[in-house]
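Each remark here refers to the structure printed beneath this line.
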Amino acid sequence: MTFPAGFQAKYLALLGPEEGQAFLDSFKLEAESGFRVNPLKASQSALPESAQPMPGTPWGYYGKVAGSSTAHVTGLVYSQEPAAQMVGQAAEPQPGLKVLDLAAAPGGKSTHLLSYLDNQGLLVANEIHPKRSKILAENLERFGARNVVATNESPERLAQVFPAYFDLIVLDAPCSGEGMFRKQAEAMDYWTPEYPSQCAALQREILEQGLLMLKPGGTLVYSTCTWAPEENEDIVAWLLEHYPLTLLEVPKLNGMVPGLSYPETARMYPQHFRGEGQFVAKFRYEGQETESKSRKFKPLKAKVTAEQLKLWQDFAASHLTVTLPGVLQTFGDHLYLLPEGLPDLGKLRIAHKGLHLGEFKKKRFEPSFALGLALRPDETVSQVALSEEQVTRYLAGETVDLAEDKPNGWYQVLAGGNGLGFAKVTGRVLKNYYPKGLRLRRN
């Protein structure tokens, strides 16, 4: 591997000759892959037998999962590099908290936070870049959480809507990406000795807005996928100097080492940690609540007509065994369930409008693919469980012949014991409602 000019000299000087050389030699090794299991899913039967548990983590594994696998398409697993998993684990939000993932795409950390929240409280997942926000929305839908919205906004605009609002803010900041060199060699193309300092300036701007949204007593988790002190420990020093923050301990496991000058923080080097590069720092905000920060929120209100409400309630009474908490809102003919406790989001660009329940069509309600993903089998009245061969056909957009007659109507489709949307049964035929944009070709 040919490093950018100045990179080797920088880290040999920073780490010392022996440790620095071990660090540089680690780039000759193959990049590590990992994934997490989704605890919101009822069945773990589709988990690959070759999966290797990641020590000290509740849901982490080493290995790869194919995008065409039942585990992936049902949202049972989320592919995420092992070091990146340490950010959500350091945050570890308790169920019921209000959480912001400030730079959320493609969704690894958001889905990890949702695992801890267990469909309680709420998560706002923000991504400023429109294309990346669409990818984020797709990954959130497949994960099947019910208490998340995704915004496509600048931190400044978010701060106007959410002053002193969140119990926890996670910022995995845009950075120089040194920790991804082994996994994504193209990241080296734009690295220069000056680049980390340029990234640090942007990181401070984002943090300034982010802290406006943090409650007194709340928690900030700051991370990067780089080893540059300019973007890591120097940012920690800047935060401690300018804000009433207390640095908290990040537990070290699996080869994580203390940060430079701040042993509470954590660094991940590939010569010690089985993964790529990451830095994590955790703070408690000791600021005082002020009248300007604690202005009353205009709460999010239900937006649904009486006719639409009845159509939804009739469907839910016939097909669901649970009552889903949240705020009902329509966007055109589509019905969504948003988490409770949100302010009015009318001034923000929304990429993921909560849980998509379905669509109103000619005085009837049709359930969405997302609803069938999010519900566990015990939360629906009727299900059709597919075999592996039937799953392959269904993912390709084909109808499925059933072994016996079933009453006509809507059924939750099950693959590997987990939801794969809703579909209609007519006689012995399961019609195909798998989204056309997600369909896979049969071999």
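Side chains included, hydrogens not; waters and symmetry mates left out as well; all remaining heavy atoms used.
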Sorted by chain and number, sequence neighbours left out, side-chain hydrogen bond (donor to acceptor under 3.5 Å, both in side chains) with S223 holds for D172
Both conditions, 6.0 Å and 45 degrees, for the charged tip of K303 above the ring of Y336: are they met here? no
When you check the side-chain N and O atoms of N232 and T224, is any donor under 3.5 Å from an acceptor? yes
Does the pair L420 and L395 meet the rule for a side chain to side chain contact (heavy atoms under 4.5 Å, CB included), with working shown? CA-CA 10 Å; L420 191 62; L395 295 177; 4.0 Å; yes
From CG (L375) to CG (L324), nearest 0.5 Å: 6.0 Å
Between N254 and M54, is there a side-chain heavy-atom distance shorter than 4.5 Å? yes
Side-chain touch V381/T321, heavy atoms, less than 4.5 angstrom: yes
Is it true that a side-chain atom of Q383 and a backbone atom of A385 form a donor plus acceptor pair closer than 3.5 Å? no
Is it the case that over 12 heavy atoms from other parts of the model lie below 6.0 angstrom from the CD atom of E389? yes
Just do the ring pair (Phe, Tyr, Trp, His ring centres under 6.0 Å) check on W59 and F35 with the steps written out, would you? CA-CA 8 Å; W59 306 297; F35 63 89; over 10 Å; no
For residues 117-130, the side-chain hydrogen bond (donor to acceptor under 3.5 Å, both in side chains) pairs (sequence neighbours left out) are N126-T151
Is the shortest side-chain heavy-atom distance between Q89 and Y116 below 4.5 Å? yes
First locate atom CG of N147, then atom NZ of K98, and finally report the distance between them rounded to the nearest 0.5 Å. 12.0 Å
Checking the side chain of N418 only, and the main-chain atoms of L373 only, is there a donor and an acceptor separated by less than 3.5 Å? no
Heavy-atom closest pair (M256 atom, A266 atom, distance to 0.1 Å) is CE-CB, 3.6 Å
From the options L207, V170, V87, select the one residue that forms a side chain to side chain contact (heavy atoms under 4.5 Å, CB included) with Y222. L207
Atom OG1 in T219, atom CG in L97: separation rounded to 0.5 Å? 8.0 Å
Here the gap from E153 atom CD to L102 atom CG, rounded to the nearest 0.5 Å, amounts to 11.5 Å
Within a strict 4.5 Å, meaning less than it, do heavy atoms of the L76 and V65 side chains meet? no
D101 and S110 have their tightest heavy-atom pair at OD2-OG, 2.7 Å
Using every non-hydrogen atom in the two residues, find where G20 and L12 come nearest and quote the distance to one decimal. C-CD2, 3.7 Å
When every non-hydrogen atom of G416 is compared with those of T70, the smallest separation belongs to N-CG2, 3.9 Å
Enumerate the residue pairs fulfilling salt bridge (Lys or Arg N to Asp or Glu O under 4.0 Å) with a member in residues 249-269, sequence neighbours excluded, ordered by first and then second residue. E233-R267, E249-K252
Please confirm whether the backbone N or O of I128 pairs with a side-chain atom of N152, one donor and one acceptor, at under 3.5 Å? yes
Test item: L47 and Y61 side chains (from C-beta on) under 4.5 Å apart, heavy atoms: yes
Test log, rule side chain to side chain contact (heavy atoms under 4.5 Å, CB included), inputs S33 and S79: CA-CA 8 Å; S33 297; S79 295; over 6 Å; no
For A374, is there any backbone N or O sitting under 3.5 Å from a side-chain donor or acceptor partner on R146? yes
Taking only residues at least two apart or on different chains, which pairs with a member in residues 205-217 satisfy side-chain hydrogen bond (donor to acceptor under 3.5 Å, both in side chains)? D167-K215
For Y165 and L342: C-alpha separation, side-chain torsions, deciding distance, then whether side chain to side chain contact (heavy atoms under 4.5 Å, CB included) applies. CA-CA 10 Å; Y165 179 85; L342 280 168; 4.2 Å; yes
What's the verdict on side chain to side chain contact (heavy atoms under 4.5 Å, CB included) for F422 and T380, showing C-alpha distance, side-chain angles and the deciding distance? CA-CA 10 Å; F422 276 97; T380 61; 4.1 Å; yes
Drop me the distance from L214's CG to F283's CZ, to the nearest 0.5 angstrom. 11.5 Å
Determine whether F7 and L24 make a side-chain contact, defined as any pair of heavy atoms from C-beta on separated by less than 4.5 Å. yes
Can you measure from NZ (K41) to CZ (F143) and round to the nearest 0.5 angstrom? 8.0 Å
Just wondering, do L328 and L337 contact through their side chains at under 4.5 Å, heavy atoms? yes
If you look only at pairs with a residue in residues 9-32, which of them pass as a side-chain hydrogen bond (donor to acceptor under 3.5 Å, both in side chains), with sequence neighbours excluded? K10-E230, Y11-E178, E19-Q271, E19-H272, Q21-D25, E32-R274
Those residues at least two apart in sequence (or on a different chain) that pass side-chain hydrogen bond (donor to acceptor under 3.5 Å, both in side chains) with H334 are H356
L113 and A91: which non-hydrogen atoms are nearest, and at how many Å? CD2-CB, 3.8 Å
Quick check: do N38 and T111 have side-chain heavy atoms less than 4.5 Å from each other? no
Going by atom types alone, do E231 and S176 pair a side-chain donor with an acceptor below 3.5 Å? yes
Note: A173 and Q203 closest approach over all heavy atoms is CB-CG, 3.7 Å
